[in-house]
Amino acid sequence: MSETLVEVRNLKQYFPVKVGFVKTIPLKAVDDISFTIGKGETLGLVGESGCGKTTAGRSILRLYKPTGGEVIFDGELITDSNITRMRKKMQMVFQDPYSSLDPRMTVEDIIGEPLDVHKLCANRKERRERILELMEIVGLNAEHATRYAHEFSGGQRQRIGIARALAVRPEFIVCDEPVSALDVSIQAQVINMFEELQDKLGVAYLFIAHDLLVVHHISKRIAVMYLGKIVEIADADELNGHPIHPYTESLLSAVPIPDPDVTRARKRIILEGDVPSPLKRPSGCPFRTRCRYATEQCAEECPTLTDRGGGHEVACWVK
Amino acid sequence: MDKEPSFKKNPLSLQIDLSKFSQESFAPATEEEKRQQDVMGESTTFFKDGMRKLFRNPLAVMSIIFICLILLVIIFAPMVVPYKYEEILSVEGRRDKGAKNLAPFTYSELEQKYIENGGTRFPHIFGTDEMCRDYFIRVVYGTRVSFFIGLFAAIIVLIIGMLYGSISGYLGGKVDLIMMRIVDIIYSLPDMLMIILLSVVLQETLQFPSGTFLARLGTSMVSLFIVFGLLYWVGMARLIRGQILSIKENEYILAARSIGAKPGRIIRKHILPNCLSVIIISTALQIPSAIFTESFLSFVGIGVKAPMPSLGSLANAAREGLQSYPYKLVFPAVMICLIVLSLNLLGDGLRDAFDPKLKR
Ligand SMILES: Nc1ncnc2c1ncn2[C@@H]1O[C@H](COP(=O)(O)OP(=O)(O)OP(=O)(O)O)[C@@H](O)[C@H]1O
Ligand code: SF4
Ligand SMILES: [Mg+2]
């Protein structure tokens, strides 16, 4: 593994939720996750809707103040005092290309905002050149610099969001489901663009998606999340070839495979029931309520990630 | 697709008839064709779009025309009409005692004689009042005062309400809770009673050096502004806070934070521009409400100080001679109605054009 860029240690993010008049209980959106991302590498993060992927990405970037745990970026612990400086190195591409661009700003101003905030350009001419260069990089027509965001299609908007994230020349970008709001035909284009950018600029990604197929394509390693916890983390091919955790198994069985023979041979594992509310998480293993292999031990103790060889870590008592 | 399909197409089939397409139809798009796909519609900015909608609304256009007319009259009439609002009419230096309560476009005996002798006299368009003053110029000045008060009060309300509302909405949480309870308390005070009480108290305590602008306005006018500043901003503050709370939820605010923008910049560059339409609209609607309040107060007798006229005090003065000179009430009253109506219609038009969501 190459040099570590981002190290997340025991990150916790609880939101206080009001029940009754004054009483609040914590909603454990992200509960004790740890992982590392190497320089220029991609970690995929998958999981069902509501399992805390967005929250994890945002607390890593300190858009939320984490309840516990720490994030170490390039050997430096991220704190409130150095976060403004760190924002030059870590950026985010948002899930929704429609609400993540200010409707009252032109593309030029949206992409130029990070340049203004960090005073990266000496004068207007330099700023303008940098903006056009960024638009070029993400494949936007430079003539549209003075347009407003609402005049663009979803794919183009996502490109604007990517250009904004690239403006400060970050080393690390959290991509929060950057393609799930787009048409399938455009998804591939945008994902390819992410890969090209990585080759060209050497940025590391935390690539969030709810679809294993999308993530497999781009990631070196993949982490699977369930109810705020990482249940399995392994190299992308290893995870796809030999999933161990029952949840990963069921996720993979839902991925369509182009070969009909394989599809027929493979048993489709259909999960029963819904994801439990994060407010009422089951005791012991969070996946217990939907797991085919659940035993009594699963109800009592929460399994922790253990290495099953070759950096393949799984949190499960039985498998 | 290499071979032409050899079978005949069923005429009832909805399937695409491939024989109608040539091989070239399936060739990949050239770079130029791809460029053409990229062409976008005419760029419309938010402002242009809103203005276009505004000018398509006949009521709003009529209001704009009417307001412009009134503005022209109150700016230029005092330059054209040779009388002053506090001037008691006189002919060749002699006080014209007969020029009392003249009907519109009539002259007093003295003036008629003067005209017969070859002099020219500017007509009294609205007649004169019981103190021998030209009524038209008084109505013009009254309108001026009313407009000024409306505008000024709206600006006071805007500034205070915007500051308070945006701080409360942006900070949220406990600060917001406390700030909004204060607003609720102020909101629950009976405003007319407060205005009357305050202006009575302030009239006793406030003293301006004579000759200054404030002294000319009169204490009750100043106290009216103070009351506006103290009481009427709450509606604006509430509205702006609500807007900001909802705008704050948008991801672009989070995106700005992730870039490293400071709260001040986020409020200035992202939040305020996005609630600008609401601010403009409610300020526009604030003007007629202030004019109305001022007229009401002047009518009750605690408005502008004599001899400065306002539409309300003119209407009040006209009450006495109502039986004999009803038109004296009609002029200022109709003026108040028209101004308030057209400003309201303009505000509504602005709202429909710039923020259709806001329709109540
Ligand atoms: N600001 C917040 N306050 C309270 N609860 C929150 C907040 N943000 C997220 N949550 C809760 O945390 C949980 C995880 O949310 P999150 O948005 O991280 O899920 P996600 O995995 O990104 O889902 P999706 O795939 O739909 O984007 C959800 O149950 C959500 O309701
Ligand atoms: S620990 Fe038990 S319940 Fe949890 S995934 Fe493993 S077998 Fe299933
Ligand atoms: Mg999400």
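Chain letters run A, B, ... following the sequence lines, proteins first and then strands; every chain starts at 1. In this text, all values refer to a predicted model and were calculated from it rather than measured experimentally.
In this structure, chain B has no heavy atom under 4.5 Å from any part of Arg85(A). For Arg265(B), the part lying under 4.5 angstrom from a heavy atom of chain A is the side chain only. If you measure heavy-atom distances from Gln91(A) to chain B, the contacts under 4.5 Å come from the side chain alone. Contacts of Leu101(A) with chain B are made by backbone atoms alone, with heavy-atom separations under 4.5 Å and no side-chain atom involved. Proximity to chain B (any heavy atom under 4.5 Å) is shown, for Met86(A), by neither the backbone nor the side chain.
Tyr205(A) places a side-chain N or O within donor-acceptor distance of the main-chain N or O of Phe194(A), the cut-off being under 3.5 Å.
Proximity of Gln158(A) to Val179(A): side-chain heavy atoms (C-beta onward) are nowhere separated by under 4.5 Å. Counting heavy atoms from C-beta outward, Leu63(A) and Arg87(A) have side chains that approach closer than 4.5 Å. Using a 4.5 Å heavy-atom cutoff, the side chains of Ile279(B) and Leu272(B) are in contact.
Contact count against chain A (heavy-atom pairs under 4.5 Å) is highest for Ser258(B) among Ala261(B), Ala255(B), Gly260(B), Ser258(B). Considering only heavy-atom pairs separated by less than 4.5 Å from chain B, the leading option among Thr84(A), Asp102(A), Val117(A) is Asp102(A). If you tally non-hydrogen atom pairs under 4.5 Å between each of His270(B), Glu249(B), Lys269(B) and chain A, the highest count goes to His270(B). When the candidates Lys262(B), Glu251(B), Arg257(B) are compared by the number of heavy-atom contacts under 4.5 Å with chain A, Glu251(B) comes out ahead.
Electrostatic pairing of Arg238(B) and Asp184(B) counts as a salt bridge here, judged by a charged N lying under 4.0 Å from a carboxylate O. Taking a cutoff of 4.0 Å between a charged side-chain nitrogen and a carboxylate oxygen, Asp109(A) and Arg104(A) do not qualify as a salt bridge.
Minimum interatomic distance between Ala204(A) and Gly40(A) (heavy atoms only, all atoms of both residues): CB-N, 3.7 Å.
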